[in-house]
Amino acid sequence: MCISAEALALFLNIIGADLVSTEPGRVIVHATEGDVAYVAHEGEWCTMGPQLDRRARFDALNAQ
C-alpha cells in the first residue's frame, strides 16, 4: 500500500511523534501489534502492512 507524502505527514501528526522513528528514506511506526515501516518509493511512501497482516491471519487459521 502506498500513500502520498502529505497523507503520511497527516497520519504521523495524528498518532504523535512518540510512536515514530525515522531513517533516511524510511519511517517506522511503533504500533501495538508490531512495527510498520514506510519506505520512500517513486514519490510515495509504501508499506507491506496489509500483506503482512493478511499473512498473519492466514497463518493463524492454519494453526487451528
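For clarity, every value in this text was computed on a predicted model and none was experimentally measured.
- Sorted by first and then second residue, the side-chain hydrogen bond (donor to acceptor under 3.5 Å, both in side chains) pairs involving residues 22-32 (not counting sequence neighbours) are S21-H30, H30-D35.
- Within the structure, no pair that satisfies the salt bridge (Lys or Arg N to Asp or Glu O under 4.0 Å) test touches residues 36-47, not counting sequence neighbours.
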Would you check, one step at a time, whether the test side chain to side chain contact (heavy atoms under 4.5 Å, CB included) holds for L12 with V29?
-> CA-CA 8 Å; L12 296 177; V29 177; 3.9 Å; yes
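- Residues A37 and T47 approach most closely at O-OG1, 3.0 Å, considering heavy atoms.
- Remark: A5 pairs with W45 by the side chain to side chain contact (heavy atoms under 4.5 Å, CB included) rule, at least two apart or across chains.
- Linking ILVMFWY residues whenever their side-chain heavy atoms come closer than 4.5 Å, directly or via other members, leaves V39 and M1 in distinct clusters.
- When the side chains of ILVMFWY residues are joined at heavy-atom separations under 4.5 Å, either directly or via intervening members, V36 and V20 end up in a single hydrophobic cluster.
- Sequence neighbours left out, not one pair with a member in residues 1-19 passes salt bridge (Lys or Arg N to Asp or Glu O under 4.0 Å).
- With a 4.5 Å cut-off between side-chain heavy atoms of Ile, Leu, Val, Met, Phe, Trp and Tyr, the cluster of I14 takes in L10.
- Residue pairs satisfying the disulfide bond (SG atoms under 2.5 Å apart) criterion with at least one member in residues 3-37, sequence neighbours excluded, are absent.
- Under the 4.5 Å side-chain contact rule for hydrophobic residues, L19 and I28 do not share a cluster.
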